[in-house]
Structures are given as C-alpha cells and as structure tokens.
Amino acid sequence: MRVTKGARIVAGTALLAVAVAACGGGGGGTATNEGGGSSTQPVRVDIAKPQHELSPTNTNDTSGAEVLNALFVGLVDYDKDKNVILRGAESIEPDAESKVWTIKLKDGYKFHNGEAVTAKSYVDAWNAAAYGPNAQEGGHFFNAVEGYADVAPVDPDGEEGPQKAPEPKAKTLAGLKVVDDKTFTVTLARPYSGFKTMLGYTTFMPMPSVAFDGNGGIKKEFGENPIGNGPFKMAKPFKLATDTTISMVRYDEFVEGKAKIDSVEFKISSDKGTSWNELRAGNLDIMDQLPPEAIATAKQELGDRYIEQPSSGVGYLGFNTKNGEEWAKNVELRKAVSMAIDRKTITEQVFSGTRVPADDFVSPIVAGYRKGACTACVYDPAKAKELWEKNGGGKGPISLSYNGDGGHKEWIEATANNLRQNLGVEVKVDSFESFASILDELDKGKVAGAFRMAWIMDYPSIENYLRPIFGTGGSSNHGRYSNKDFDALLEKGDSAKSDEEGVKIYQQAGDMLVKDMPYIPVYFYQTNGGYSQRVKNVTIDPFERIDLAKVERVS
C-alpha cells in the first residue's frame with residue numbers, strides 16, 4: 001500500500017545558456033507587450049501541468065501549489081525574513097514539552113460556499129490526508145501526530161513487494177481533538193518544537209464539509225472544483241486530463257480584504273520558451289521562472305519588471321538506490337558521479353551565472369546550511385575516475401532522466417558530457433514529456449538510473465530538506481533511500497529543547513547524507529521571473545509563490 005508522499009517539488013527551473021538560441025515563435029525580436037489592457041481580461045499566470053487534481057492534501061508540485069495558494073489560506077504564513085506569522089490562527093500554543101498543541105482560530109474566515117471555517121474543517125482535512133487508503137501525497141506530514149501508525153500502517157516489504165499493508169486500525173488520528181468551533185488540540189507522538197513552523201504548508205489547509213465522501217475519503221470532484229477560503233475562487237471546474245487553463249475570480253467576502261484584481265487565469269505550458277514569447281507579446285502576464293533563451297535579454301527587455309532574487313530551491317540528481325541500475329545502488333559510484341560533475345562551469349555557462357554550485361543538501365537561505373558540507377560535491381575528475389574504476393563502474397550505459405517541460409535539457413546534457421569525458425562511460429539521456437509524467441514513473445519506481453529533481457522548501461526549516469526527501473517512506477523519497485540511524489536522528493532533532501539544538505542534530509543527519517549520497521546536490525536556485533506591462537506589484541517569495549492578492553492592473 002502506498003501510505004506516503006507529499007511536498008513541493010520544483011517543476012520549472014533553469015535559466016540557460018547565453019548561447020542558446022531563442023526558441024518558439026517570435027524569439028529574438030523586440031517585445032511587443034502593451035501596457036494597460038482590458039479590465040475584463042484576467043491576469044494570466046504561467047504554470048506547468050499539475051500532477052494531480054487540486055486537493056490541498058494531494059498536491060506535490062509547485063504548479064499545483066501555486067494554484068492552491070490563491071484558493072486557500074492556512075493557520076500560519078511566513079514574513080519576508082521567513083519568520084512564522086499567524087494567519088487563520090489566533091494562537092498556536094504548545095505545552096511544556098511541545099507535545100500537545102492548542103490551536104485557536106480567528107473569527108471571520110469562510111469557505112467560498114459560505115461555510116464557516118471551524119476547528120472541524122482542519123481536523124477533518126488532516127484526518128483525510130493521513131488515512132492510508134486515501135494515498136494522499138501530503139499524508140506523511142502527519143506522521144508526527146499521535147495515532148498515525150493506526151491510520152496509515154506500513155507496508156512490510158514496501159510498495160513494490162508482494163505483501164500488502166495491514167488494514168488501518170482507525171480512520172482518524174487519535175491525536176486530533178475538536179474542543180469547540182474555534183479550538184482544536186494536536187497531540188504529537190513525541191515532542192516537536194518545530195511543529196508550528198510546518199503549518200503554513202499547503203497540505204495543512206482546511207477543507208469544507210462538502211469535500212468529504214463520508215467514508216474517510218475526499219471526493220474526486222472536489223479536486224476538480226476545490227472550495228477554498230482564500231482570496232480567489234474557482235470560476236469553473238478544472239479537468240486535469242484535458243484543460244489547459246485554470247480560471248478563478250475574486251472572492252469578494254475574503255476576510256482579509258478583496259484582492260486588487262478580479263480574475264486570474266493559470267495557463268498550463270509545456271514549453272517555457274513559448275511562454276516567454278507569450279509574455280513578450282502581451283498574451284501572458286506573470287512568469288515565476290524565465291526560460292533559457294530569456295536570460296541574456298530579460299533585464300534589458302523587462303527593466304523593473306524583471307525579478308531576480310534568492311530562492312530556497314536546490315537542484316539535485318537523484319538515484320534509485322533500492323531497485324535501480326546497479327551503479328545507482330552503489331554509494332561509491334554515486335560519489336564518483338558527483339565528483340565528475342563540473343558544477344562551476346555548468347552554473348556559470350549553462351545557467352549564465354544565475355545558479356550557484358551546491359555544496360550542501362540544504363539551501364543557504366535556511367538555518368543549518370553549512371558551506372562545503374558536501375565533500376563529494378567538489379569537482380575532482382581524477383579522483384572520480386579512480387573511484388569509478390576501483391568500484392567496478394564499468395562502461396555503462398548509465399541513464400539520466402529529466403522532465404522536458406522545465407528547461408533542463410542543457411544542464412542535463414552538460415552533466416552527461418562530464419560523465420562521458422571524466423568517467424569514460426556511455427550515458428543515455430531520457431527526456432520525459434512533463435514533470436507530472438516523470439513523477440508518475442518515479443512513484444512507481446520505474447526510473448532506474450539517475451533523475452533530475454529539485455526541492456523548494458515547504459516551510460523554513462532544515463528538517464524540511466531532510467525528512468520528506470530522505471526519510472524512510474518520506475513523502476517525496478523518490479530514491480527510496482532508507483537509513484534507520486538517519487530516521488532516528490530526525491526524531492531526536494524533533495524533540496530538541498531549542499531550535500539551535502535541533503539544527504545541530506539535523507546537521508548530524510545531513511552528515512549521513514554526505515556519507516551515503518542518495519542524491520547529488522548540483523546547484524542552488526535563484527528566482528528569475530518577470531511580468532508584463534499590464535500588471536504591477538508582482539512579488540515572488542523564497543517559496544516561489546506569487547502573492548496574487550496584491551497584484552494590480554496598470555491603469
């Protein structure tokens with residue numbers, strides 16, 4: 001049984017080489033974007049295709065999360081310095097051990113159907129997320145709550161094994177209790193001082209009563225037409241298989257105040273180059289990441305409408321450590337691959353200096369990052385070759401897989417050339433049509449070699465770069481890495497008496513990743529976005545979320 005998944009993964013990325021020719025119609029010309037525009041035309045935002053329907057508990061990708069962030073607000077959010085601020089919550093208070101948390105809600109929040117947001121709205125949504133048979137991507141985020149093992153029992157031999165997970169003993173988490181309409185308590189399985197920090201993530205959003213099927217599940221039609229409590233509401237249902245746009249209109253009764261614009265249209269694109277040209281032509285308004293061919297001219301073309309700032313993203317090569325190709329299961333060969341990659345040249349030439357060579361598994365903007373922590377991230381082709389041959393690496397072929405809709409071709413090809421040249425191995429590059437399609441295959445364990453992956457934080461904590469990606473059964477553990485000592489350190493870090501103590505323990509877990517190298521950190525992200533002359537007040541935070549409620553049309 002599949003009992004876990006979750007968290008945001010970067011779909012689009014990559015600003016590529018200056019030398020890369022403009023692609024798509026109209027590339028290389030002069031921007032024709034005109035200011036102003038009809039007030040009846042929605043503000044159009046570029047996204048990739050979401051992996052699933054739009055349920056908060058089952059969204060695992062940045063594009064789906066971008067949509068949900070316009071529809072929902074949660075208990076907390078984060079300020080510009082990544083500090084936790086209360087939003088839907090009036091207070092969130094732990095007991096002396098940080099094990100029992102009492103959450104009180106503010107007045108006034110309503111769902112788009114008029115139903116009040118209550119304590120039950122959160123408790124029902126969290127129970128549905130955690131219940132194993134629902135197979136929600138965000139379910140694993142509730143494993144800290146008391147009773148999780150009873151609602152999501154572990155498959156004894158994993159998802160690929162012949163055995164099945166036992167039937168859940170319960171449908172609801174023992175640790176969730178509704179006290180009254182505005183209050184609920186959360187009892188954790190163990191003390192966890194960082195619990196409050198997690199609560200701004202999409203999977204912790206509330207859901208209205210109409211979302212649930214009465215049997216512990218979430219209705220499919222809710223994912224197609226979600227009813228949120230945020231500044232925008234769905235204008236019509238979204239059919240994942242066929243629709244190329246997601247349409248919303250302003251929710252005028254939003255308790256925090258009306259959004260500045262009256263409608264939004266998310267345009268699903270499989271080619272960032274085409275989107276860039278649409279932006280330049282005035283047919284698209286906001287892109288949170290520009291494509292390769294834009295990098296050389298974007299600043300000049302967009303002027304103040306070009307956004308360049310640090311992001312929390314880390315780009316990796318991942319490995320199927322459990323049932324992948326033989327070389328991918330060998331830690332010494334993974335280290336050889338890492339040392340064969342010339343990160344400095346890739347970031348400077350392929351990404352035109354808009355990325356930074358990665359030297360840790362954690363973003364530099366998060367407390368706990370350590371410069372130079374990843375010793376096998378140092379480019380050393382001679383040592384890489386020696387390690388490869390000493391450990392029977394052979395002549396290949398080895399495979400590198402990536403999603404073709406995110407602008408990754410050039411850096412994956414550059415990496416493949418590094419491996420061919422420095423290891424003397426044959427490399428096969430496989431492109432998947434979309435990010436959603438490679439995620440589907442990763443979920444099934446069918447990507448056998450190395451694969452492109454990335455991570456943007458769900459909440460500002462070093463723990464968020466460790467447990468979901470590398471914890472046993474982690475929500476986005478696509479490499480199927482499992483290390484009991486690593487898991488134990490995460491639990492120890494959770495129970496630390498202070499944030500500082502917790503960070504030190506989590507760093508010890510990070511040391512295990514450096515030793516085992518289940519993924520290879522390649523580069524740290526930077527946000528390079530842009531917007532049209534039709535809009536203003538466009539901001540993108542370190543989570544790469546666009547604050548659509550503050551966007552305005554240019555009159």
Residues R467 and D494 bridged, charged N to O under 4.0 Å:
yes
Nearest heavy-atom contact between A454 and G315 is CB-CA, 4.1 Å
For G471 and N477 the tightest heavy-atom approach is O-ND2, 2.8 Å
Would you confirm whether S338, through its side chain, and R334, through its main-chain N or O, come within 3.5 Å as a donor-acceptor pair?
no
D213 side chain near I218 side chain, heavy-atom distance below 4.5 Å
no
Within the distance-only criterion (no hydrogens, no angle test), does the side chain of Q507 pair as donor or acceptor with the backbone N or O of G368 below 3.5 angstrom?
yes
Polar contact flag, side-chain donor to acceptor under 3.5 angstrom, S311-E544
yes
Between the side chain of D95 and the main-chain N/O of E97, is any donor-acceptor distance below 3.5 Å?
yes
Give a yes or no on whether a salt bridge exists between R370 and D511, defined as a side-chain N under 4.0 angstrom from a carboxylate O.
yes
T62 side chain reached by F543 side chain, heavy atoms, under 4.5 Å
no
Among side-chain atoms of N418 and D342, is any donor-acceptor pair under 3.5 angstrom?
no
Has E433 got more than 12 heavy atoms of other residues, nucleotides or ligands less than 6.0 Å from its CD?
no
Taking the basic N atoms (NZ, or NE/NH1/NH2) and the acidic carboxylate oxygens, is any pair closer than 4.0 Å for E501 and K497?
no
Quick one: do D541 and K80 satisfy salt bridge (Lys or Arg N to Asp or Glu O under 4.0 Å)? Show the steps, please.
CA-CA 7 Å; D541 65 16; K80 62 181 179 59; over 6 Å; no
Check the pair L489, L466 against side-chain contact (heavy atoms from CB on, under 4.5 Å), reporting the backbone distance first and the verdict last.
CA-CA 11 Å; L489 280 170; L466 303 176; over 6 Å; no
Ring-face cation contact, Y523 with R343, 6.0 Å cut, 45° max:
no
Is the closest side-chain heavy-atom distance between S312 and I365 below 4.5 Å?
yes
Got more than 12 heavy atoms from elsewhere within 6.0 Å of NZ, K120?
no
For K504, does the NZ atom have more than 12 heavy-atom neighbours from other residues, nucleotides or ligands under 6.0 Å away?
no
So which heavy atom on L105 is nearest to which on V117, and how close?
CD1-O, 4.1 Å
Verdict with supporting geometry, D359 and Y369, side-chain hydrogen bond (donor to acceptor under 3.5 Å, both in side chains)
CA-CA 9 Å; D359 55 2; Y369 159 78; 2.9 Å; yes
Using modelled atom types only, decide if a donor and an acceptor are shared between the side chain of Y78 and the backbone of T197 within a distance under 3.5 Å.
yes
Tell me if the centroids of the rings in Y402 and F451 come within less than 6.0 Å of each other.
no
Please report the shortest heavy-atom distance between W126 and I103, naming the atom on each side.
CH2-CD1, 4.4 Å
Between D487 and T472: side-chain donor-acceptor atoms closer than 3.5 Å
yes
Correct closest heavy-atom pair for V514 and C374 would be CG2-CA, 4.1 Å
State, with a plain yes or no, whether a side-chain heavy atom of L86 is found less than 4.5 Å away from one of K196.
yes
R355 and Y525, any side-chain heavy atoms less than 4.5 Å apart
yes
How about NZ on K177, more than 12 heavy atoms from neighbouring residues, nucleotides or ligands closer than 6.0 Å, or not?
no
Residue pair E66, R545: steps toward the salt bridge (Lys or Arg N to Asp or Glu O under 4.0 Å) verdict
CA-CA 6 Å; E66 190 77 84; R545 301 177 302 181; over 6 Å; no
What do you reckon, are the aromatic ring centroids of F222 and F212 less than 6.0 Å apart?
no
Does the gap between the ring centers of W101 and Y192 come in under 6.0 Å?
no
Are the ring centres of F361 and W455 closer than 6.0 Å?
no
Ignoring hydrogens and angles, state whether a donor on the side chain of E325 or S399 is under 3.5 Å from an acceptor on the partner side chain.
yes
Between D516 and K335, is there a side-chain N and carboxylate O pair less than 4.0 Å apart?
no
Any side-chain to backbone donor/acceptor pair from N134 onto A128? Under 3.5 Å, distance only.
yes
Test item: V45 and I546 side chains (from C-beta on) under 4.5 Å apart, heavy atoms
yes
Answer yes if the ring centres of Y519 and F470 are under 6.0 angstrom apart, and no otherwise.
yes
Side chains of Y316 and R452: closer than 4.5 Å at any heavy-atom pair?
no
Can you see whether Y481 engages N483 through a side-chain donor-acceptor pair at a distance of less than 3.5 angstrom?
yes
Salt bridge or not for R87 and D77, using N-O below 4.0 Å?
yes
Do you know the tightest heavy-atom contact between L419 and A340?
CD2-CB, 3.8 Å
Result of checking F72, Y459, F142 against F204 for ring pair (Phe, Tyr, Trp, His ring centres under 6.0 Å):
F142
Residues N323, K329; criterion side-chain hydrogen bond (donor to acceptor under 3.5 Å, both in side chains); working and verdict:
CA-CA 7 Å; N323 56 1; K329 295 187 288 187; over 6 Å; no
Using a distance-only test with no angle check, is there a side-chain donor-acceptor pair under 3.5 angstrom linking Q51 and D440?
yes
Under 3.5 Å, side chain of S495 to main-chain N/O of P191, donor-acceptor pair present?
yes
Ring-plane angle category for W411 and F351, please: parallel below 30°, perpendicular beyond 60°, tilted otherwise.
tilted
State, yes or no, whether a side-chain contact exists between K171 and V151 at a heavy-atom distance under 4.5 Å.
no
